[in-house]
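Shown next, in C-alpha cells, is the structure this report addresses.
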Amino acid sequence: MLRPDPKIEPKIWKKILFWGIILVYGGVFLYYSMTSLSIPSRTKEFGWKQDYGFDKWEEGPYGEYRWSKKGAGYTQTIEKPFVIIPVIASHPDLEKNPLDVKVFFSEDPFKKGQPLEEFKIRENKWMMRAYYFPQYLGKDIFFSFKVSRTWNPLKTLGLPDPRNLGIGVAKAHFRDEIGEEGIGFYGWEDIRKFPFRWTSDRAMMEFNTNKDEILIPVSAGNPDVKERPVLVKIKVIRDQESVKSNIRLEDNLWHEVRINLGEKVLWKKFVIHFEVSRTWRPIDFGIGEDRRELGIKVGKIE
C-alpha cells in the first residue's frame with residue numbers, strides 16, 4: 001500500500017492553509033467594501049473629513065499651514081463663493097528648476113478629481129490661488145495637490161529636518177466679494193495715457209454693467225510671442241451661467257475682446273475670469289530686475 005511521503009504532506013497543508021487565509025480575508029474585505037461598513041459609506045454617514053499626505057500644522061504669515069508630500073489632499077467646506085488658498089514652496093533651486101503643481105477637486109474624495117489648474121512656483125514666496133465656487137456653497141469639496149518633486153532639507157542642506165517636502169498649503173480664506181480690484185492682478189500702470197494691469201497666470205474680478213455686451217482690451221507683452229503665441233481663456237460668470245471667449249495673441253499689439261452677454265439676460269454683477277497659457281518674467285529676457293510672473297495686460301473694461 002502506498003503511504004504519503006511525510007516530507008511532502010506538510011508542504012501541501014501549508015499551501016492549503018495559506019490560500020485559505022487569503023480567501024477568508026479577501027472575502028471579509030470585499031464584504032466591508034460593498035456594505036455600509038466601507039470607508040466611503042462611513043465617511044458619508046458620520047461626516048468624516050478625508051485628509052492625507054500632509055504633515056502637522058505650523059504657524060505662518062497667512063495663518064496655519066501644512067507641508068505636503070508629493071501628493072496630498074483634504075476636505076474643505078465652501079463657506080463663501082470666493083476661495084483663496086495660500087501656497088508656498090521652499091526648494092532651494094526653484095530659480096533654475098521651477099516646481100510644477102497640479103490641483104484637482106471632487107465632491108467625492110474616493111473618486112478621481114477634476115483638474116482645477118496647473119501652475120509653476122519659481123520663488124520661495126507665498127502665492128494666492130483663488131477659485132470661484134458659488135455652486136458649492138455649504139458643501140464639502142475635496143482638494144488634492146500633486147507636485148513634480150519634493151526635497152529633503154537634511155539630505156540637501158544638512159538641516160535638522162528629514163522630511164520630504166512638497167508645498168506648504170495654508171488654511172483657505174473665504175470672501176463674498178472681490179470687487180473690480182479682483183485677485184491675481186498687479187497694480188495699475190499707465191503708458192501713453194492708457195491704463196492697464198498685468199495678470200498673473202490666472203486672475204478674476206467682479207464687474208458691473210447694464211449693457212448686454214462688454215469690451216475687454218488685452219495685450220501680450222512676451223518678447224517671444226511671435227514664436228510662441230499666448231492663448232487666453234476668458235470666462236464671464238454669474239451663478240450657474242457663463243459665457244466663454246478665447247483669443248490667441250501672436251503679437252504685442254492691443255486687441256479688443258467683445259463678449260455678448262445675451263439679450264434675454266442683462267446681468268448687473270458678474271465675475272470675469274482670465275486664464276493665460278503661459279507667463280514670462282522680464283528679468284529672464286534681460287529687461288531690468290522685474291521678477292514678476294506676468295500673464296497679459298488688461299485695460300479698462302467697458
Side-chain angles (χ1 to χ4, degrees), residues 49 51-76 78-80 82-105 113 115-133 141-175 178 181-187 198-204 275-276 278-284 289-295:
K49 304 287 187 181
D51 192 306
Y52 77 93
F54 284 104
D55 206 74
K56 63 183 179 180
W57 289 103
E58 301 179 30
E59 198 63 43
Y62 295 98
E64 291 184 307
Y65 73 98
R66 297 180 294 176
W67 288 105
S68 79
K69 296 180 181 178
K70 193 166 185 179
Y74 71 98
T75 303
Q76 176 67 64
I78 305 302
E79 301 175 11
K80 295 179 181 180
F82 293 98
V83 183
I84 303 168
I85 302 179
V87 301
I88 191 172
S90 58
H91 301 58
D93 61 343
L94 288 176
E95 184 76 23
K96 295 182 178 179
N97 191 9
L99 184 69
D100 294 315
V101 182
K102 295 181 180 180
V103 186
F104 303 84
F105 81 102
L116 188 56
E117 69 162 333
E118 297 182 25
F119 60 93
K120 292 182 181 292
I121 300 181
R122 301 176 188 269
E123 294 184 283
N124 304 122
K125 294 182 179 180
W126 285 95
M127 301 173 65
M128 302 297 122
R129 309 311 300 182
Y131 312 106
Y132 184 52
F133 285 127
I141 291 295
F142 188 76
F143 287 102
S144 55
F145 303 83
K146 291 184 179 180
V147 299
S148 56
R149 61 192 177 92
T150 59
W151 79 288
N152 187 298
L154 179 62
K155 294 179 180 179
T156 305
L157 300 176
L159 299 175
D161 187 346
R163 295 175 298 174
N164 294 317
L165 303 178
I167 56 171
V169 180
K171 288 186 176 180
H173 300 249
F174 300 92
R175 291 171 64 176
I178 57 173
E181 177 185 351
I183 300 173
F185 291 95
Y186 294 101
W198 285 103
T199 71
S200 50
D201 59 336
R202 289 161 57 97
M204 67 176 80
E275 183 176 341
V276 184
R278 66 186 182 92
T279 58
W280 68 288
R281 301 192 310 169
I283 191 172
D284 295 334
E289 296 296 321
D290 191 345
R291 295 177 179 273
R292 292 180 299 171
E293 292 279 351
L294 302 179

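Heavy atoms only: backbone and side chains are in, while hydrogens, waters and symmetry mates are out.
- The two atoms that bring Gly53 and Ala72 nearest to each other are O-CB, 3.4 Å, heavy atoms only.
- Side-chain atoms of Asp51 and Thr75, non-hydrogen and from C-beta on, never get closer than 4.5 Å to each other.
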Before giving the answer on side chain to side chain contact (heavy atoms under 4.5 Å, CB included), spell out for Val276 and Thr199 the whole-Å C-alpha distance, their side-chain angles and the decisive distance to 0.1 Å.
CA-CA 9 Å; Val276 184; Thr199 71; 3.8 Å; yes
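- Side-chain contact between Arg129 and Asp201 is present, with heavy atoms from C-beta onward closer than 4.5 Å.
- With respect to Arg149, the side-chain hydrogen bond (donor to acceptor under 3.5 Å, both in side chains) criterion is satisfied by exactly one of Asp93, Asp100, Asn164: Asp93.
- The line from CH2 of Trp280 to CD of Glu293 is 11.0 Å long, rounded to the nearest 0.5 Å.
- Between the side chain of Ser68 and the backbone N or O of Phe54 there is no donor-acceptor pair closer than 3.5 Å.
- You'll find the side chain of Leu154 stays beyond 4.5 Å of the side chain of Pro160, heavy atoms only.
- Inter-residue side-chain proximity for Leu94 and Leu99 is flagged as met; some heavy-atom pair is nearer than 4.5 Å.
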Chi angles and distances behind the side chain to side chain contact (heavy atoms under 4.5 Å, CB included) call for Leu116, Tyr131
CA-CA 9 Å; Leu116 188 56; Tyr131 312 106; 3.5 Å; yes
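- Using bins of under 30°, 30° to 60° and over 60° for the plane-to-plane angle, the ring pair Trp126/Tyr62 lands in the perpendicular bin.
- Considering only heavy atoms from C-beta on, Phe105 stays 4.5 Å or farther from Ser144 through its side chain.
- Lys69 has its side chain out of reach of Tyr52: every pair of non-hydrogen atoms, C-beta onward, lies at least 4.5 Å apart.
- Taking 4.0 Å as the cut-off between side-chain N and carboxylate O, Glu58 and Arg66 do not count as a salt-bridged pair.
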Please report the C-alpha distance between Phe143 and Tyr74 in whole Å, then the side-chain angles of each, then the deciding distance to 0.1 Å, and finally whether the side chain to side chain contact (heavy atoms under 4.5 Å, CB included) criterion is met.
CA-CA 6 Å; Phe143 287 102; Tyr74 71 98; 4.3 Å; yes
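- Here Glu95 pairs with Arg291 in a salt bridge; the nearest charged N to carboxylate O distance falls below 4.0 Å.
- Remark: the backbone N or O of Leu294 is not paired with any side-chain donor or acceptor of Thr279 at under 3.5 angstrom.
- Here the CH2 atom belonging to Trp67 is positioned 12.0 Å from the OG1 atom belonging to Thr150, to the nearest 0.5 angstrom.
- Closest approach of Pro98 to Arg122, counting heavy atoms only: CG-NH1, 3.6 Å.
- Note on Arg281 versus Asp290: no salt bridge recorded, every NZ/NE/NH1/NH2 to OD/OE distance being 4.0 Å or above.
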Set out, in order, the CA-CA distance, both residues' side-chain angles and the distance that settles side-chain hydrogen bond (donor to acceptor under 3.5 Å, both in side chains) for Glu59 and Tyr65, then state yes or no.
CA-CA 6 Å; Glu59 198 63 43; Tyr65 73 98; over 6 Å; no
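- Atom-to-atom distance recorded for Leu165:CG and Ile88:CD1 is 11.5 Å, nearest 0.5 angstrom.
- To the nearest 0.5 Å, the span separating CD1 on Ile183 from CE on Met204 amounts to 6.0 Å.
- Nearest approach of Ala203 to Gly184, heavy atoms of both residues: CB-O, 3.5 Å.
- Taken from OH in Tyr132 to NZ in Lys80, the straight-line distance is 14.0 Å, to the nearest 0.5 Å.
- Across all their heavy atoms, Arg163 and Pro153 have their closest contact at O-CD, 3.2 Å.
- Between Lys102 and Phe145 the shortest side-chain heavy-atom distance does not fall below 4.5 Å.
- Using the six-membered ring where Trp is involved, Trp151 and His91 have ring planes that are tilted, between 30° and 60° apart.
- Between the NZ atom in Lys146 and the CZ atom in Phe104 there is a gap of 5.0 Å [rounded to 0.5 Å].
- Residues Val103 and Phe119 form a side-chain contact, since some pair of their non-hydrogen atoms from C-beta on lies under 4.5 Å apart.
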